[in-house]
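Worksheet for the structure shown next.
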Amino acid sequence: MLIQRKYPNLYSPLKLGNVTLRNRMVSAPMSFPDIPPEGYLTAPSAAFYELRAMGGAAAVTISECVVHPQTGKSHSVNIDINAPGAMRGFALAANAIRRHGACASIQLSHGGMYCAVDSINKSHLSGITRYGPSDQTISNGVLVSEMPVSLIHEITECFGKYAALAKQAGFNMIMIHAGHGWLLHQFLSPLYNFRTDAYGGSVKGRVRFLSEVLDCVRAAVGSQFPIELRISGSDFTPGGYDVNGATEFVKLIEDKIQLLHVSAGIFEGGFAIQHPSMFHEHGCNVWLAAEIKKHIKTPVATVGALNDPEMMEEIIATGKADVVVMARALLADPYLPAKVCQGRDDEIVKCFRCLTCHAERMTCGLRRCSVNPIIGREDENRHVPLAAKPKKVLIAGGGPGGLMAAITAAKRGHHVILCEKEKALGGALRSERNISFKKDFYALAEKYGYLAQKYGAEIRMDTEVTPELAVKINPDVLICAVGAEPIVPEIQGIDGAHVIMAPNLSDEGIHIGARVVILGGGLVGCEAGVHLASMGKMVTIVEMQDQLASDANPRHRPILLDQIEKYKIKSSLLTTGLRVTEHGLECADKVGNTSYVQADTVVCAVGMKSQRDVVDSLRDCAVVFIEIGDCVNPARVIDATSQGYYAALSI
């Protein structure tokens with residue numbers, strides 16, 4: 001009997017030139033930041049991309065290969081297939097992708113006027129001339145020179161040269177990047193292109209550079225070799241083009257490509273558009289692809305916060321797009337496509353769009369994921385090894401760290417008992433369950449719990465691990481993941497009935513008045529403020545430091561601050577709460593001047609502290625005792641899950 005696929009449209013193949021995609025789910029261009037200055041692809045790089053091929057993606061795209069490094073490096077370090085000795089690494093990566101049945105693609109790009117904008121050390125940039133379509137000044141005050149026609153021709157030839165090298169290395173698709181504010185997009189957009197020669201003015205003029213690049217690439221790779229094109233479906237910026245403008249220029253070049261990828265936004269101010277945050281709906285950019293697809297015959301791919309199989313199936317089934325493309329979703333769960341195709345979608349671990357993956361790269365040069373501890377170390381930890389000798393493992397605490405430890409230990413064959421003192425799993429994530437833009441966070445706890453039980457862990461709810469219980473269970477290993485508790489400042493009135501601890505905002509039966517003051521303007525306090533303001537509450541945040549959300553990651557923080565501005569949330573910085581009264585909060589600034597914030601409800605969000613007393617009481621309850629997560633130091637989900645994973649590997 002033939003198998004009835006749950007998602008037949010996502011499972012269906014798609015022929016592009018001389019290759020066939022095995023399904024409609026593609027791994028978006030992603031960079032692996034741990035590469036040498038020369039731009040080689042290393043064995044860890046290959047392992048990073050190979051994991052998505054192993055996970056069932058139809059194609060895996062390596063990003064971003066700059067075709068003219070002298071003028072076009074968009075990041076501090078870009079991969080360079082033309083560097084001396086680089087071919088071996090690129091061939092290794094292409095082969096690693098292809099041997100799992102996926103198509104290997106590589107993205108060719110040029111930064112244009114945004115050459116080296118993310119370089120941490122700026123000293124080497126003083127002699128660099130940045131070229132764009134026209135003379136102009138970008139927001140950081142850097143002067144941009146109009147690109148000479150001779151340089152346009154040189155870069156065009158480089159696109160062809162690099163495409164030929166990629167084909168030689170074993171890649172069977174080429175993606176040309178003409179979106180997100182990079183060079184080719186700069187020529188397409190009237191926001192940047194003020195030229196009056198053949199490469200400016202009309203749509204035909206603005207598309208000329210891209211058209212010539214596509215012709216050059218086609219000549220280099222042959223008539224049937226698939227060329228993909230990535231564009232922004234709209235600049236979403238006054239003076240730029242909209243979806244109608246995108247449709248105009250796509251119609252002029254669609255016969256030169258096999259697949260059109262429709263993303264969104266420009267470089268400056270466009271990050272949250274290109275990478276929709278937790279404040280956006282999933283699939284918020286799909287409409288761009290759907291609109292352009294109405295006017296062309298070339299297959300279209302859509303991208304942007306996609307990870308739900310039901311939604312993605314509907315996109316393909318209704319003709320909004322022919323392919324769905326994912327990046328963060330395939331960091332969170334590289335096996336998402338295989339699980340979709342095999343009807344195991346109940347096992348998918350979904351990205352909750354915390355943007356840690358981008359922030360870690362930005363701050364320390366690593367690629368990491370809050371929900372998937374093997375990301376960035378795929379060459380070391382691709383498979384969970386079976387234990388040589390199964391042991392009895394007791395886990396105290398059902399937060400993300402404890403649950404990850406339970407999943408991993410159970411996969412290894414250990415006898416796992418996880419006890420959670422509350423009536424529901426999740427630990428700190430439970431506080432997110434009724435916050436609209438953070439429901440995906442709480443869904444992670446539910447998914448982890450499901451997977452832990454699926455792999456054989458026993459979960460006991462409403463059960464606190466005490467020394468007496470631990471002695472009774474007599475584990476070989478006790479993993480302590482008891483978490484943290486709110487810090488309660490020692491100020492008068494903090495125990496009032498109208499005072500709510502921030503972790504309790506999602507509790508049932510909580511009454512919140514029309515006016516709210518939040519004591520504490522860190523990440524938790526600011527997100528609580530956005531949540532309450534979105535409900536129509538008048539919110540004021542009182543913070544001791546000189547800025548809000550200083551503990552938020554550098555990718556999430558600007559987006560969060562935009563939300564605070566959007567909802568007109570008031571804030572009082574360098575201010576300390578002195579006394580809670582029946583009608584609000586008395587405060588003092590740094591020089592002692594007092595003020596009063598009227599409020600019906602006071603939310604306390606001054607921080608968390610580890611439950612060290614609980615940890616110490618359990619320390620001698622097993623020969624092997626391991627502490628993980630917030631009970632060690634209140635931190636991030638990524639720290640808890642990583643520690644839980646490696647604790648289970650160490651048993």
Side-chain angles (χ1 to χ4, degrees), residues 278 331-333 349-357 359-360 364 366-377 381 384 393-411 416 418-422 424-433 438 440-452 455 457 459 465 477-487 502-503 522-524 527 551-553 556 607-612 614-615 618 625-651:
M278 64 181 70
L331 292 175
D333 193 339
V349 176
K350 294 182 179 180
C351 165
F352 52 51
R353 298 184 289 172
C354 63
L355 296 175
T356 295
C357 52
E360 288 287 294
C364 56
L366 297 177
R367 178 71 84 194
R368 299 178 68 203
C369 174
S370 288
V371 305
N372 188 348
I374 74 168
I375 296 304
R377 291 294 177 264
N381 302 300
V384 176
V393 180
L394 174 61
I395 300 174
L403 287 167
M404 176 57 74
I407 291 168
T408 309
K411 279 184 175 181
V416 179
L418 182 146
C419 298
E420 167 55 52
K421 70 176 183 178
E422 303 293 341
L425 295 169
L429 298 180
R430 291 185 66 247
S431 64
E432 321 284 10
R433 63 191 183 279
K438 300 202 77 174
D440 287 345
F441 281 65
Y442 183 58
L444 175 70
E446 295 178 315
K447 184 55 58 78
Y448 275 178
Y450 171 78
L451 291 175
Y455 290 122
I459 295 182
V465 175
V477 179
L478 198 164
I479 297 177
C480 188
V482 294
E485 59 187 356
I487 295 172
L523 172 65
V524 172
E527 289 185 341
D551 56 337
N553 77 55
H556 179 59
M608 305 290 287
K609 62 180 180 179
S610 300
Q611 299 195 75
R612 297 306 302 172
V614 179
V615 175
L618 298 174
F625 179 78
I626 306 173
E627 306 170 33
I628 65 171
D630 286 354
C631 72
V632 179
N633 182 46
R636 306 167 298 169
V637 174
I638 189 173
D639 301 304
T641 55
S642 179
Q643 291 170 21
Y645 178 77
Y646 285 100
L649 284 187
S650 71
I651 300 170

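All of these numbers come straight from a predicted model, not from anything done at the bench.
With sequence neighbours excluded, the residues forming a side-chain contact (heavy atoms from CB on, under 4.5 Å) with A481 are I628, listed by chain and number. In terms of the side-chain contact (heavy atoms from CB on, under 4.5 Å) criterion, residue partners of A635 (sequence neighbours excluded) are, by chain and number, D639. Residues that satisfy the ring-ring contact (aromatic ring centres under 6.0 Å, His included) test with Y448, not counting sequence neighbours, are absent from this structure. Scored by the salt bridge (Lys or Arg N to Asp or Glu O under 4.0 Å) test, D333 finds K339 as partners (sequence neighbours excluded). Legend: residues meeting side-chain contact (heavy atoms from CB on, under 4.5 Å) with K438, ordered by chain and number and at least two apart, are M278, E432, I435, F441, E527. Residues meeting the side-chain contact (heavy atoms from CB on, under 4.5 Å) test with F625, sequence neighbours left out: L478, C480, V615, L618, R619, E627.
Without hydrogens or angle criteria, D551 side chain to G522 main chain gives no donor-acceptor distance under 3.5 Å.
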Evaluate side-chain contact (heavy atoms from CB on, under 4.5 Å) for C419 paired with I395, printing each intermediate quantity in order. CA-CA 6 Å; C419 298; I395 300 174; over 6 Å; no

Could you go through residues 366-376 and list every donor-acceptor pair under 3.5 Å that involves a side-chain atom there, pairing it with any protein atom two or more places apart or in another chain?
from : atom 1 : to   : atom 2 : distance (Å)
R367 : NE     : S31  : O      : 3.4
R367 : NH1    : C357 : O      : 3.3
R367 : NH2    : S31  : O      : 2.9
R368 : NH1    : E360 : OE1    : 3.1
S370 : OG     : T356 : OG1    : 3.3
N372 : OD1    : I374 : N      : 3.3
N372 : ND2    : L331 : O      : 2.9

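One distance of note links CG of L429 with OH of Y442; it measures 9.0 Å at 0.5 Å rounding. Separating the SG atom in C631 from the CD atom in Q643 is a distance of 8.5 Å, to the nearest 0.5 Å.
Residues V393 and I651 have side chains in contact (heavy-atom distance under 4.5 Å, counting atoms from C-beta outward).
The two residues A410 and V416 come nearest to each other via the heavy atoms N-CG2, 3.7 Å.
For residues 642-651, no pair satisfies salt bridge (charged side-chain N to carboxylate O under 4.0 Å, His left out), with sequence neighbours left out. Within the structure, the salt bridge (charged side-chain N to carboxylate O under 4.0 Å, His left out) test picks out no pair touching residues 400-411 (sequence neighbours left out).
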